[in-house]
Student: 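Below is a structure I'd like to ask you about.
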Amino acid sequence: MKFTFYGHATFMIETDGKKILFDPFITGNPSAAGKVNADDIQADYILVSHGHGDHVGDLVSIAKRTNAKVISAYEIISWAEKQGVTNFHPMNFGSFNFEIGKVRYVPAMHSSVLPDGTYGGNPGGFVVYGKEKTFYYSGDTSLTSEFQMFQYYGSMDFAILPVGGNFTMDAADAVIAAKMINCKKIIGVHFDTFGYIKIDHEAAIAMFAKEGIELILPEVGKTIEL
Ligand code: NI
Ligand code: MN
């Protein structure tokens, strides 16, 4: 299973021969500039956590070019459909069995409006019960009591959590989240892209290590094996 980081909260997971792209934001993403080209990205699925521009910026163009199946909140799918996206699967909080495995769309504590002002529904995250591994991407969220529900969701092989603070959890909050979801391998996202979310990498990694949890802060454009 491979994880490729495109900067901010945009990443690709390749598993069981399928490419799953999350929250595509490359054009105008300062951390992707000069390192990633949106036109080069292939995808079989695109999972979108919420409607903010830093999560849907390149959704329509990549979905149209690749014909990837877009999975997101009903309201975000309706917005994408109006712009010509034809392969999609709308959800609300609940689960559905896809070819990539069961996907559980879970609440995030955040907000969700699309770049043109269209209501984006409730913001969320995804638990993917894949054939190789089970993992969780929280989307943008604060520390929330929703994490208590993970005692019923099965064990997570790894989780992708925001660590930049200000708009989401910071590293200290994400340590608590990792403990609440009982996951020992965390990939941090939503950091360093903008001034408000610049972080001290070594301090963040040390905070997790102190609790026996691995924090990976991925490099833009690089692929890691999980
Ligand atoms: Ni957001
Ligand atoms: Mn965001």
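Every number for a ligand or one of its atoms is a count from 1 in the order of the listing.
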Student: Do His190 and Asp54 have side-chain atoms, one donor and one acceptor, less than 3.5 Å apart?
Tutor: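 Yes, side-chain donor-acceptor contact under 3.5 Å.
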
Student: Is there an N/O/S atom in His190 at a distance below 2.8 Å from the Mn ion (ligand 2)?
Tutor: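 Within the cut-off used here (under 2.8 Å), His190 does place an N, O or S atom near the Mn ion (ligand 2).
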
Student: Cut-off 3.5 Å, side chains only: do Tyr129 and Asn97 have a donor facing an acceptor?
Tutor: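 Side-chain D/A pair, Tyr129 to Asn97: absent.
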
Student: Looking only at N, O or S atoms, find the one in Asp140 nearest to the Mn ion (ligand 2) and name it.
Tutor: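 Output for this pair reads OD2.
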
Student: Taking atom CD as the centre, does Glu219 end up with more than 12 heavy-atom neighbours from other residues, nucleotides or ligands that are less than 6.0 angstrom away?
Tutor: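 For Glu219, atom CD is not crowded (no more than 12 foreign heavy atoms under 6.0 Å).
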
Student: Determine, for Lys198 against Asp192, whether the closest basic-nitrogen to carboxylate-oxygen distance falls under 4.0 angstrom.
Tutor: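 The answer is no: the pair does not qualify as a salt bridge.
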
Student: Give a yes or no on whether a salt bridge exists between Lys18 and Glu99, defined as a side-chain N under 4.0 angstrom from a carboxylate O.
Tutor: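 The answer is yes: the pair qualifies as a salt bridge.
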
Student: Tell me which N, O or S atom of Asp54 sits nearest to the Mn ion (ligand 2).
Tutor: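 Per the distance ranking, Asp54 contributes OD2 as its closest N/O/S atom to the Mn ion (ligand 2).
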
Student: Report whether any nitrogen, oxygen or sulfur of His50 sits less than 2.8 Å from the Ni ion (ligand 1) (N, O or S, backbone or side chain).
Tutor: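 Checking His50: at least one N, O or S atom is under 2.8 Å.
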
Student: So does Asp23 have any N/O/S atom less than 2.8 Å away from the Mn ion (ligand 2)?
Tutor: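 No, outside the cut-off.
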
Student: Look at His55 and state whether any of its N, O or S atoms is less than 2.8 Å from the Mn ion (ligand 2).
Tutor: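 Short answer: yes, at least one N, O or S atom is under the cut-off.
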
Student: Just to confirm my numbers, could you give the angle made at the Ni ion (ligand 1) by OD2 of Asp140 and ND1 of His52, rounded to 10°?
Tutor: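 Rounding to the nearest 10 degrees gives 180°.
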
Student: With respect to the Ni ion (ligand 1), please indicate if Asp54 possesses an N, O or S atom at a distance under 2.8 Å.
Tutor: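 Asp54 does not place any N, O or S atom closer than 2.8 Å to the Ni ion (ligand 1).
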
Student: Given the side-chain rings of Phe96 and Phe98, with only the six-membered ring counted for Trp, is the space between their centroids under 6.0 Å?
Tutor: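 Centroid distance Phe96-Phe98: below 6.0 Å, so yes.
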
